[in-house]
Structure formats: C-alpha cells, structure tokens
Protein chains: 2
Amino acid sequence: MVAMSLRHAMLGLLADQPASGYDLMKRFESSLSNAWPATQSQVYGELGKLTKAGLLEVAAEGPRGRKEYSVTDEGRAELHRWLTETPPSTVRRSDALLRVFFLNHLTPVEATAYLISEAERAAGHHRALEEVERNVDWGDDALSVNGRLALEYGLRFTAMREEWARWAAEELRKARQR
Amino acid sequence: MVAMSLRHAMLGLLADQPASGYDLMKRFESSLSNAWPATQSQVYGELGKLTKAGLLEVAAEGPRGRKEYSVTDEGRAELHRWLTETPPSTVRRSDALLRVFFLNHLTPVEATAYLISEAERAAGHHRALEEVERNVDWGDDALSVNGRLALEYGLRFTAMREEWARWAAEELRKARQR
DNA sequence: TTTTGACATGTCAGAGTTGGAATGTCGGCG
DNA sequence: CGCCGACATTCCAACTCTGACATGTCAAAA
C-alpha cells in the first residue's frame with residue numbers, strides 16, 4: 001500500500017467535484033489518460049475500498065443505482081499527505097526505450113525505420129495535444145491552470161521524443177558509415 | 001500475453017550474450033534499470049517460463065547450480081517480431097505528472113515547493129547520467145552505440161523535466177499575481 | 001581453518017492491472 | 001408506445017509486479 005496512485009487520482013478528482021463511478025471514468029479518459037489510465041473494473045473496485053476505508057462516502061443516490069461519491073475529511077487529509085509528503089517514484093517503464101537497447105539485433109534499415117516511426121508517433125501525439133490546446137476553453141479557474149501545466153508537459157515531452165528519435169536515426173547513419 | 005516486455009528484455013539481453021539469472025539481474029540493474037526494472041523473482045520465474053515455451057534453453061550448467069541460458073532460434077524470431085512488428089505502447093504512467101493535476105488542492109507555497117523539488121530531482125538525475133557518460137568507456141561495439149542512444153534520451157528527458165518544472169513554478173507565480 | 005562475501009536459485013503472499021462479460025435502468029426520439 | 005443509446009454497476013479470470021523469505025555453494029581473505 002505504498003504507491004497506489006489510482007487511489008489518489010480518484011481522491012483528487014472527487015475533491016474537485018463529487019461524482020459517480022461512471023462520471024469518474026469519463027474524467028479519467030478525458031484528462032488523466034496521459035498521466036494515469038484506469039479501467040472501469042479498477043475504478044469501481046477502488047470506489048468500494050476507499051468508501052470502506054472511510055476516505056470516501058456516498059453523498060447521494062440517484063436513478064439507475066447511481067451513487068455519487070464525495071471525499072471525506074479523512075480522504076482530503078490523505079490526498080494532502082500524498083501530495084506533500086510522498087516523493088514521486090522515479091521508476092518509469094518504457095518499452096519504446098527498451099527496444100533501443102536491442103536495436104543491434106536489427107538490420108540498420110530496420111533500426112532506422114523503428115526510430116523514424118518513433119519520431120512520427122511522437123509528432124502525431126504532439127499534434128493531437130496542440131489540437132487539444134486549441135479547443136479547450138481556458139477559463140481562469142484553478143483546474144485549468146493545472147491542466148495547462150500538464151498539457152505543456154505533454155507538448156514538451158512529445159517534442160523532445162521526436163527530436164531525440166530523429167537525432168538517434170542520424171547517429172545510426174553516421175555509425176554505419178564509419 | 002500482449003505486452004510483457006520483461007520477456008523481451010530478457011530475450012534481448014540473452015541474445016547479446018548467454019547468461020545465468022544472476023548475471024541477468026546485474027545487467028538489468030546496470031543498463032536497463034531506467035527503461036525496465038526487474039526483480040529477482042520476476043527474472044527467475046520468467047527464465048523458467050521462457051525455457052518451457054522453447055524461447056530459451058539451458059546451454060550449460062556450472063558450479064553452485066548455475067544454469068546458463070541462451071536464446072533459441074524461436075526466441076530470436078520472437079525478439080525480432082517484437083522489435084519490428086509490435087508498436088510500443090504509448091501508455092506511460094507518471095505519478096509525478098498526476099500530482100500536477102491536483103496542485104490546486106495545495107496552497108501556492110506548497111505547490112511551488114513541489115514543482116521546485118521536481119526540478120531538483122530531475123537535475124540530480126541528470127547529473128547522475130552525466131557521471132555515467134563520463135565514466136563509461138565507449139567502445140565501438142554495437143552495444144555501446146545503443147547504450148549511448150538510450151543515455152542521450154535520459155539526458156534530454158531529465159533536462160526537459162527540469163526546465164518544465166521551473167517554468168511551471170513560474171507560471172504558478174504569475175497566476176497568483178493576477 | 002573459519003568466516004565472510006559473492007554467487008546462485010527458488011518460492012510465496014499480496015497488491016495492482018487488464019479486458020471482458022453480465023446485468024439492468026432511464027430518457028427521449030420516432 | 002417501443003426501442004435505442006447513454007447511464008450505471010458488479011464480478012471475474014488471468015496476468016504482472018513487488019518485496020520478502022528460504023536455501024545452499026564456492027573462493028579467498030583473515
């Protein structure tokens with residue numbers, strides 16, 4: 001029970017505004033998908049666990065068995081604790097980077113193709129984020145400020161990935177000529 | 001059985017050179033730790049599964065029960081298939097980025113402290129990689145070429161993270177003044 | 001010769017993640 | 001009114017990952 005960021009992602013979302021599991025899923029898909037994706041089964045399961053643990057409570061019940069959850073004081077305290085006292089884990093797995101270590105098992109042509117396709121993948125992702133940037137109505141509320149920071153991170157990250165991949169392809173070319 | 005990169009990381013390492021589970025662990029720690037960390041139990045468990053699946057074979061046995069594994073033709077084919085035909089998954093979880101979405105639940109001072117500590121964490125990581133760069137003897141072999149590419153990725157990534165975090169802290173400051 | 005440290009493997013429980021299946025309800029459009 | 005699509009929850013099997021525990025061997029330094 002050390003990491004478990006899903007839990008905190010849910011606390012954070014519900015601290016912004018109470019919601020049902022269904023609503024939560026949509027919020028995960030629309031805003032957190034690039035930072036912490038979650039599936040339905042995970043969300044509903046966690047909703048139950050967090051409620052039993054006293055970090056959430058069912059604030060209202062609606063039609064179709066809808067249960068609207070809100071964060072308790074204890075939940076808010078836990079969110080705060082996580083944000084201020086827990087150092088983010090540095091571990092980040094990347095199967096894209098992993099492949100780079102094994103590029104020597106491909107022909108130069110195949111390896112270059114991989115790097116170029118990585119560059120294009122990153123570029124595509126970058127364009128998608130630019131699209132988001134254009135379409136989102138940046139109100140002045142606190143939520144948008146954070147969203148903008150996260151979006152900028154994505155923009156910089158995808159740009160960096162594209163540049164790196166193109167650079168790496170070029171390095172490979174140079175190494176081959178030697 | 002779609003993703004499972006650990007499996008392919010092991011195939012890749014063993015394709016470079018046959019090794020025991022113990023050796024493999026050391027290689028994971030020294031070179032792959034930033035792309036795909038693995039624990040002992042995972043490595044030994046996977047070694048068994050891969051052997052049973054015919055992708056690996058025990059090439060030699062040594063003292064202390066040492067078993068040296070090597071990749072079979074089938075294993076090499078699978079490695080190649082993974083490298084060329086499987087698109088890297090774009091999903092990357094980041095609890096550091098996740099926190100950014102919830103910065104509005106902190107005071108401005110706390111939020112800024114978080115971003116600054118992120119910048120410093122990234123800077124520290126960056127310096128560690130520079131240290132690696134200085135100390136590694138860059139031979140001309142294929143392996144080093146890949147390692148250099150991966151190292152450069154790390155260098156660019158950590159630099160980007162530091163710059164972003166400092167920028168974000170500044171944005172927060174500006175937003176507060178409005 | 002004893003002891004220490006590196007070598008070496010194996011097993012386990014518990015937590016997290018994935019993807020899918022099953023089930024049912026409500027609101028509004030034709 | 002009947003149907004469709006969105007709303008809404010619950011359960012499950014299989015797999016991955018973490019961290020710890022357990023066990024034993026060999027080489028060489030003290």
Report yes if at least one side-chain N or O of [X] is closer than 4.0 Å to OP1 or OP2 of [N]; otherwise report no.
| X | N | result |
| --- | --- | --- |
| A:Lys67 | D:dT10 | yes |
| A:Arg66 | D:dT10 | no |
| A:Tyr44 | D:dT10 | no |
| B:Arg7 | D:dC15 | no |
| A:Arg64 | C:dG27 | no |
| B:Gln42 | D:dT18 | yes |
| A:Lys49 | C:dA15 | no |

- Query: Checking A:Arg7 against A:Trp82: charged group under 6.0 Å from the ring centre and within 45 degrees of the axis?
  - Reply: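 Relative to the ring axis of A:Trp82, which defines the angle, A:Arg7 lies outside at least one limit.
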
Could you state the [atom1]-[atom2] distance from [X] to [N], rounded to the nearest angstrom?
| X | N | atom1 | atom2 | value |
| --- | --- | --- | --- | --- |
| B:Lys26 | C:dA8 | NZ | P | 7 Å |
| A:Leu56 | D:dT9 | CG | P | 13 Å |
| A:Arg93 | C:dT18 | CZ | P | 13 Å |
| A:Met10 | C:dT17 | CE | P | 12 Å |
| B:Tyr69 | C:dT9 | OH | P | 7 Å |
| A:Glu46 | D:dT10 | CD | P | 14 Å |
| A:Gln40 | C:dT23 | CD | P | 16 Å |

- Task: Could you please name the option among D:dC17, D:dA8, C:dT17 that lies closest to any side-chain atom of A:Ser20?
- Result: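 The nucleotide sitting nearest to the side chain is D:dA8.
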
Residues [X] and [Y]: side-chain donor-acceptor under 3.5 angstrom:
| X | Y | answer |
| --- | --- | --- |
| B:Asp95 | A:His8 | no |
| A:Glu110 | B:His80 | yes |
| B:His125 | B:Glu162 | no |

- On DNA chain C, nearest-nucleotide positions of A:Ala38 versus B:Ser41: which is more 5'?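 Here B:Ser41 is the residue nearer the 5' end.
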
- Task: Quick one: label B:Thr39 by what it contacts on the DNA or RNA (base, sugar-phosphate, nothing), any heavy atom closer than 4.0 Å.
- Result: base

- Are A:Val145 and B:Ile116 joined in one hydrophobic group, where the rule is that I, L, V, M, F, W and Y side chains link up if heavy atoms are under 4.5 Å apart?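 No; tracing contacts between hydrophobic side chains, which count when under 4.5 Å, never links both residues.
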
